[in-house]
Amino acid sequence: MKVDIVMPKMGESITEGTLIKWYKKVGEKVSKDEIIFEISTDKVDTEIPSPEEGVLSEIKVFEQETVEVGALVAVLETDGEAAASQAEEPAKKETPSTTQVGGELIDVTMPKMGESIMEGTIIKWHKAVGDKIEKDEILFEISTDKVDTEVPSPVEGVLNDIVTGENETVEVGTVVARISTSGGLVKTSSAPPKSAPEKDETQAEQAPRSAADIVKPEQPAGDRFYSPLVMNIARKENISFDELETIPGSGASGRLTKKDVLDYLKNRGNQSVPPAPKPVLQPARKAEREPAPQVQSTGDTEVIPMDNIRQRIMYHMVNSRDTSVHVTAVAEVDMSRIYDYIQKNREAFLKQENVKLTYMPFISHAVIRALKEYPFLNASIDDNNIIVKKFINLGIAVAVEPNGLIVPNIKEADGKNIRGLAKAINNLSIKSRSKGLMPDDIMDGTFTITNYGVFGSLFGTPIINQPEVGILGVGAVTRKPVVVENNGLESIAIKPMMYLSLSHDHRLVDGMLGGKFLKYIKDSLESFDINLV
């Protein structure tokens, strides 16, 4: 059976493509899904796999030739003996009929994880080039300064191309991979095909032409690849091959892109450009993995490169320090009423809600009440404007092993009671540690709580989570002797005590407002009403 291979459709706005390399010759055997040729358009270069196992019986379009989408490129014969005998005969002009069965290449882009996030870093590919993938199956994992998350495949198909490797950072909307829904292939039917311009017998016998036919002077002995788009620009701008060799490439495997050439032209003659690497390009079979940073030991010291999460946290903290005017106030809270309630109801609550009862939902509830009373703590600053939020999305800082921190938030937290807050906090904690957070989980927070008390710290001075204007630090609850007054008589008692520290942005929140806000939280906790649970 004959299988016709056509120029695939690479996008709605792309009507033609250039065949830039054949990986197989007429008469050679081809396995199913094996790469047979590579094409280029003004937006994408990609490799096309074979739809079936067989023998390549005819090549209709040669290297560096440009044809319209749907044009017949080659013919594959799945009957090996018939194909072999046909390959020995002179090429015959045929007008086979075709029916389109797919062939769309789907661009997978860096997703937008929040209004303030403009880029992301790919930290792991879960699939390699050539792997089949189901719709909604995890394709890769990304990291931003706010969240690590797994990104599912938008369609079912085969991973055709990985554009952005692991540990590479790109802007939101950048194409990071392409998925082929069926390889851009057609099979014979009764309808007349849309074929490429016919070649005469002499032309059909010629070997595929090289890139050197496009750009003059002739290409040097180096094996660096240049797409037709790059070569067309070089020809128009009189850039020689020797000059092209000096331009660093930002594409996969050091490939020179249109942007690289245009950037070079802007500064041409004004600066010297170091020689670019000359990678040996092979058909991609598996995703290329960037080696993990290596620990370097020199004598009695070690140099450990920061991972992506640590770098993001560093940037975020420095940015917050340089943006907000930090002031910290501290209050000591008697947690006796809440402590007693937890001790008496811990087991029953766990059975009823399947969630462990901790201090955090009580503290969160008190913070929400305080934010309603003092809305300037639930605000942000935009130039000379104060943006007061009428919703409360309460951020809960979660420590992530081995050395990370993330702040998902409880949406519309003011609509939840203590039981609802306990479930929401537990859910965010599980999702954070299992990398199950979605972009919406970390967007639009209005105020943050960080609980460093879980590690035994008594109090600290937390850094504000931008663009918020306040963050509450929660210390460990410890039993200690305190002075209590009863009917005018003072005595010493052992009580569960806790420090709260409020860091606030002095550009908006002055000492009086911050003090009132903190005292409101303290009073709410110390006079806790058990009917609120």
Quick one, Leu139 with Val151, criterion side-chain contact (heavy atoms from CB on, under 4.5 Å). Give me CA distance, side-chain angles, the key distance, then yes/no.
CA-CA 6 Å; Leu139 179 59; Val151 179; 5.7 Å; no

For residues [X] and [Y], determine if any side-chain heavy atom of one lies less than 4.5 Å from a side-chain heavy atom of the other.
X	Y	value
Ile396	Ser364	yes
Val108	Phe140	yes
Asn451	Met360	yes
Pro49	Asn160	yes
Val73	Ile39	no
Glu65	Leu19	no
Tyr23	Leu56	no
Ile425	Val355	no

What pairs meet the side chain to side chain donor-acceptor pair (under 3.5 Å) rule with one or both residues in residues 132-142, with sequence neighbours excluded?
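Every pair satisfying side chain to side chain donor-acceptor pair (under 3.5 Å) with a residue in residues 132-142: Lys127-Glu137, Glu141-Lys435.
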
[X]: which residues meet the side-chain contact (heavy atoms from CB on, under 4.5 Å) condition with it, sequence neighbours left out?
X	answer
Asp505	Ser324, Val325, Ile381, Ile464, Val469, Arg507
Lys372	Ile368, Ile392, Asp414
Val388	Pro375, Phe376, Ala379, Ile386
Val175	Asp107, Thr109, Val163, Arg178

Would you compute the distance between atom [atom1] of [X] and atom [atom2] of [Y] and round it to the nearest 0.5 angstrom?
X	Y	atom1	atom2	value
Asn167	Ile123	CG	CD1	8.5 Å
Asp4	Leu72	CG	CG	5.0 Å
Asn409	Thr446	CG	OG1	7.5 Å
Asp263	Leu265	CG	CG	9.0 Å
Lys411	Asp441	NZ	CG	6.0 Å
Ser153	Ile138	OG	CD1	9.5 Å

Closest non-hydrogen atom pair, [X] against [Y]:
X	Y	result
Leu394	Ile449	CD2-CD1, 3.9 Å
Tyr264	Ile247	CD2-CD1, 3.4 Å
Glu52	Leu76	O-CD2, 3.4 Å
Leu405	Ala397	CD1-CB, 4.1 Å
Trp125	Ala177	CH2-CB, 3.4 Å
Ser503	Thr328	OG-OG1, 3.0 Å

Would Met110 and Ile122 satisfy side-chain contact (heavy atoms from CB on, under 4.5 Å), going step by step from the backbone distance to the final call?
CA-CA 9 Å; Met110 176 62 66; Ile122 292 183; 4.0 Å; yes

Between Tyr374 and Phe517, how do the two ring planes meet: parallel, tilted or perpendicular, split at 30° and 60°?
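Perpendicular: the ring planes of Tyr374 and Phe517 meet at over 60°.
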
Once side chain to side chain donor-acceptor pair (under 3.5 Å) is applied, do any residues pair with Ser320, and if so which ones, sequence neighbours excluded?
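Side chain to side chain donor-acceptor pair (under 3.5 Å) list for Ser320, sorted by chain: Gln466.
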
Checking side-chain contact (heavy atoms from CB on, under 4.5 Å) for the pair Val509/Leu502: CA distance, chi angles, key distance, verdict?
CA-CA 11 Å; Val509 183; Leu502 174 69; 5.8 Å; no

